[in-house]
There are 2 protein chains.
Amino acid sequence: MPETSPSVQDYLKAIYHLARREGRATTTRLAAVLGVTPASVTGMLKRLMAEQPPLVVYHPRRGATVTPAGERVALETIRRHRLLELFLVRVLGYRWDEVHEEAERLEHVVSEQMTNRIAQLLGEPAFDPHGHPIPDRKLALPAVQGFPLAQAEVGARLQVVSVSDGDAAVLRRLAEVGLQPGAVVRVAGRTAGDHLLSLAIRGRAQPVVIGPAVAAAVFVAPAPEMTEPA
Amino acid sequence: MPETSPSVQDYLKAIYHLARREGRATTTRLAAVLGVTPASVTGMLKRLMAEQPPLVVYHPRRGATVTPAGERVALETIRRHRLLELFLVRVLGYRWDEVHEEAERLEHVVSEQMTNRIAQLLGEPAFDPHGHPIPDRKLALPAVQGFPLAQAEVGARLQVVSVSDGDAAVLRRLAEVGLQPGAVVRVAGRTAGDHLLSLAIRGRAQPVVIGPAVAAAVFVAPAPEMTEPA
DNA sequence: GCTAAAATTTAGCCTGCTCTAAATTGGATT
DNA sequence: AATCCAATTTAGAGCAGGCTAAATTTTAGC
Ligand SMILES: [Mn+2]
Ligand SMILES: [Mn+2]
Ligand SMILES: [Mn+2]
Ligand SMILES: [Mn+2]
């Protein structure tokens, strides 16, 4: 197992996520996600490919994917990140829009011992505050279902599976309207020109209107059958 | 306030501690404490002196001390370190010999927000698990009294103030014999050649013999008057 | 006071990771 | 098929922080 720096861990996480969502991680997409220049990405991809064992498969000009060794590093880092986020919310009283940044730094320095103690304290949780699955000690990750709310049909009854955690302002807006993982919503309507969605959210008296940026940050699945009343 | 890297923070902590204990921080002592070569120390001292504002006062060949700006960085880092150590013990169930290493990494990445939330959760504590004072939010640090147990007179009744946290094996030995901060001991005797100390520790039936490495790691002050029985 | 040892600095180098500016290339458009 | 463009790579550089080897200065012993 090669030692990995914070930079390498962040690159591998980004390659893993992009490859999963878009098939492969291209230079430009990686540069955008990581906040570096494309030239820097090219250099790093060469180094990750040259690592022993290689951490990525890189075909110049056609992007990269992680190798099994690279995936392992990515999943270990994702596990630390998501456990830390939940820990910050549950133990230190953070709001869910504050945890991502902090976890982004801590994920590179907490030991395996600390990671497992946090997991134990939290009861070996399966999901982080945003609804993302937490790899278990063996790095097994539950399959993620769900599609963007932005693509939902009008009239559909849906349950929120997870929300993107990158934009704090979006998260605050989601908390405001009650769009947390588990929330049940019906798509009441959609406007043509500006892609606004009108939603009926269970437990809320008034319908809510959200814009496309917010709608793209919410991932949903068909709502399960009516849950029994309390 | 200049941005400071983990390296710079560790250098400033070391300079602060050495200057406090030994008057000034010399190149060789710093190199030993930080685990780098003397040449590396010289280079860093030059950079710290050139910082705007300067973080150290450095007279080539006669060592360095921190400036007010450097002391501030050192104390902020020490505050984070000691709060983290106590947090790891209290919240995550670490033993006191396990926390130093973990804190040494975490101290460079926890935000001010996280630091203050930890302090609040712990009740704004004044001492870490080893008895070292924790700078408060204004970075005020209680004066430390106490001298090494190794220098105690035979017959003296003493109270443990703090213990060095650098050597995990020494800490485990101290826990074994009950030499924690607050413990009250009487120096029962001392051997001439090998500097062993025989101690009567209040609450322990049998006297204990400790070697010089352990005796040097324990800091004591004259015991207060007899405490009333429970 | 002279000299040997110890401490310290200098010189030169290296790795990791980033950048800007200048090629290059693959694919789309006409 | 020629051309253009967007994506990508290459070339060259810089900074932080470390190292080794060689010089230099201080200190200490005599
Ligand atoms: Mn996150
Ligand atoms: Mn990160
Ligand atoms: Mn410590
Ligand atoms: Mn440190």
Side-chain angles (χ1 to χ4, degrees), chain A residues 1-15 18-19 22-65 70 73-74 77 104-105 107-109, chain B residues 1-15 18-19 21-52 54-65 70 73-74 77 104-105 107-109:
Chain A
M1 321 290 157
E3 299 288 294
T4 54
S5 66
S7 268
V8 166
Q9 290 171 19
D10 282 337
Y11 270 90
L12 289 171
K13 274 201 312 178
I15 295 163
L18 283 176
E22 305 178 7
R24 71 210 171 100
T26 66
T27 302
T28 314
R29 296 287 288 122
L30 279 170
V33 167
L34 292 166
V36 298
T37 61
S40 299
V41 172
T42 300
M44 180 63 94
L45 289 178
K46 286 193 200 168
R47 284 191 34 229
L48 295 176
M49 180 175 56
E51 206 76 33
Q52 212 45 246
L55 297 174
V56 303
V57 175
Y58 168 47
H59 296 294
R61 299 199 134 90
R62 26 200 85 234
T65 57
V73 172
T77 307
E104 201 56 60
R105 280 175 283 110
E107 66 187 356
H108 309 295
V109 305
Chain B
M1 322 289 155
E3 299 289 293
T4 54
S5 65
S7 267
V8 165
Q9 291 171 17
D10 282 337
Y11 270 92
L12 289 170
K13 274 201 312 177
I15 296 164
L18 282 176
R21 284 202 298 269
E22 305 177 9
R24 72 211 170 99
T26 65
T27 301
T28 315
R29 297 285 289 120
L30 278 170
V33 167
L34 293 167
V36 298
T37 61
S40 299
V41 172
T42 299
M44 181 63 95
L45 289 178
K46 287 192 199 167
R47 282 190 37 224
L48 295 177
M49 180 174 57
E51 206 76 33
Q52 212 48 248
L55 297 174
V56 303
V57 175
Y58 167 47
H59 297 293
R61 298 200 135 88
R62 27 200 83 237
T65 56
V73 172
T77 308
E104 201 56 60
R105 280 175 283 112
E107 65 187 356
H108 309 296
V109 305

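Remember, it's a predicted structure, so these values are computed and weren't measured experimentally. All chains are named by letter (A, B, ...) in the order of the sequence lines, taking the proteins before the strands, and each is independently numbered beginning at 1.
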Engineer: Can you figure out which of C/dT18, D/dG18, D/dT9 approaches the side chain of B/M44 most closely?
Structural biologist: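 Between C/dT18, D/dG18, D/dT9, the one nearest the side chain of B/M44 would be D/dG18.
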
Engineer: Consider the side chain of A/A39, meaning its heavy atoms from C-beta on, and name the nucleotide among C/dC17, D/dG17, C/dA21 that approaches it most closely.
Structural biologist: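 Selected nucleotide (nearest to the side chain): C/dA21.
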
Engineer: Between D/dA6 atom P and A/R29 atom CZ, what is the distance in whole Å?
Structural biologist: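 After rounding, the reported distance stands at 17 Å.
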
Engineer: Using only atom types and a distance under 3.5 Å, with no angle test, would you say the side chain of B/Q9 pairs donor to acceptor with the backbone of B/V73?
Structural biologist: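 Side chain of B/Q9 to backbone of B/V73, a donor-acceptor pair under 3.5 Å: no, none is there.
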
Engineer: Determine: side-chain N/O of A/S7 to OP1/OP2 of C/dT18, distance under 4.0 Å, yes or no.
Structural biologist: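 Yes.
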
Engineer: Can B/T77 and B/E107 be counted as having a side-chain donor-acceptor contact under 3.5 angstrom?
Structural biologist: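 Absent: no donor and acceptor within the cut-off.
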
Engineer: Output the rounded distance in Å from NE2 (B/H108) to P (D/dA16).
Structural biologist: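 My rounded result for the distance is 18 Å.
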
Engineer: Counting heavy atoms from C-beta on, name the nucleotide in D/dT8, D/dC19, C/dG16 closest to the side chain of A/Y58.
Structural biologist: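 Selected nucleotide (nearest to the side chain): D/dT8.
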
Engineer: From C/dT8, C/dT18, D/dT9, pick the nucleotide closest to the side chain of A/S40?
Structural biologist: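 The listed nucleotide nearest to A/S40's side chain is C/dT18.
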
Engineer: Would you say the base of D/dT8 and the side-chain of A/R61 have a donor-acceptor pair closer than 3.5 Å?
Structural biologist: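 Present.
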
Engineer: So, is A/Y11 close to the C/dT18 phosphate, meaning a side-chain N or O under 4.0 Å from OP1 or OP2?
Structural biologist: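 Answer yes for this pair, as a side-chain N or O of A/Y11 is under 4.0 Å from OP1 or OP2.
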
Engineer: Go through D/dA16, D/dG18, D/dT9 for me and flag the one nearest to the B/S5 side chain.
Structural biologist: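 The listed nucleotide nearest to B/S5's side chain is D/dA16.
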
Engineer: What is the distance, rounded to the nearest whole Å, between atom CG of A/L34 and atom P of D/dT8?
Structural biologist: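 Taking CG of A/L34 and P of D/dT8, I get 14 Å after rounding.
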
Engineer: Could you state the CG-P distance from A/L12 to C/dC17, rounded to the nearest angstrom?
Structural biologist: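 Rounding to the nearest Å, CG of A/L12 and P of C/dC17 are 11 Å apart.
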
Engineer: Can you tell me how far P of C/dG16 sits from CG of A/L55, to the nearest Å?
Structural biologist: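 Result: 13 Å.
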
Engineer: So if I take every side-chain heavy atom of B/K46 and compare against D/dT25, C/dT10, C/dG27, which nucleotide ends up nearest?
Structural biologist: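 Minimum distance to the B/K46 side chain belongs to C/dT10.
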
Engineer: Enter the distance from A/K13:NZ to A/L18:CG here, rounded to the nearest 0.5 Å.
Structural biologist: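 A/K13 atom NZ to A/L18 atom CG measures 12.0 Å (nearest 0.5 Å).
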
Engineer: Round to the nearest Å and state the distance from A/L30 atom CG to C/dT18 atom C1'.
Structural biologist: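 It is 16 Å, rounded to the nearest whole Å.
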
Engineer: In this structure, are over 12 heavy atoms from other groups packed under 6.0 Å from B/R29 atom CZ?
Structural biologist: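 Counting neighbours around CZ of B/R29, 12 or fewer heavy atoms of other residues, nucleotides or ligands fall under 6.0 Å, so no.
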
Engineer: Checking contacts here: which listed nucleotide (C/dT8, C/dT18, C/dT25) is nearest the side-chain heavy atoms of A/V36?
Structural biologist: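 Side chain of A/V36 sits closest to C/dT18.
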
Engineer: Can you figure out which of C/dA7, C/dT9, C/dC19 approaches the side chain of B/T27 most closely?
Structural biologist: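 Per side-chain heavy atoms of B/T27, the pick is C/dT9.
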
Engineer: Are any of A/R47's side-chain N or O atoms less than 4.0 Å away from OP1 or OP2 of C/dC17?
Structural biologist: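 Result: yes.
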
Engineer: Any chance you could measure B/D10, atom CG, to B/L30, atom CG, to the nearest 0.5 Å?
Structural biologist: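 One finds 11.5 Å between CG of B/D10 and CG of B/L30.
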
Engineer: What nucleotide among C/dT9, C/dT18, D/dG17 has an atom nearest to a side-chain atom of B/V8?
Structural biologist: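 Nearest to the side chain of B/V8 among the choices is D/dG17.
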
Engineer: Would you indicate which nucleotide in D/dC19, D/dT9, D/dT8 comes nearest to any side-chain atom of A/T28?
Structural biologist: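 Selected nucleotide (nearest to the side chain): D/dT8.
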
Engineer: Just how far is it from atom CD1 of A/I15 to atom OH of A/Y58, taken to the nearest 0.5 Å?
Structural biologist: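 Going from CD1 on A/I15 over to OH on A/Y58, the span is 10.5 Å.
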
Engineer: Please confirm whether any donor atom in the side chain of B/R62 sits under 3.5 Å from an acceptor in the base of C/dT8, or the reverse.
Structural biologist: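 Absent.
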
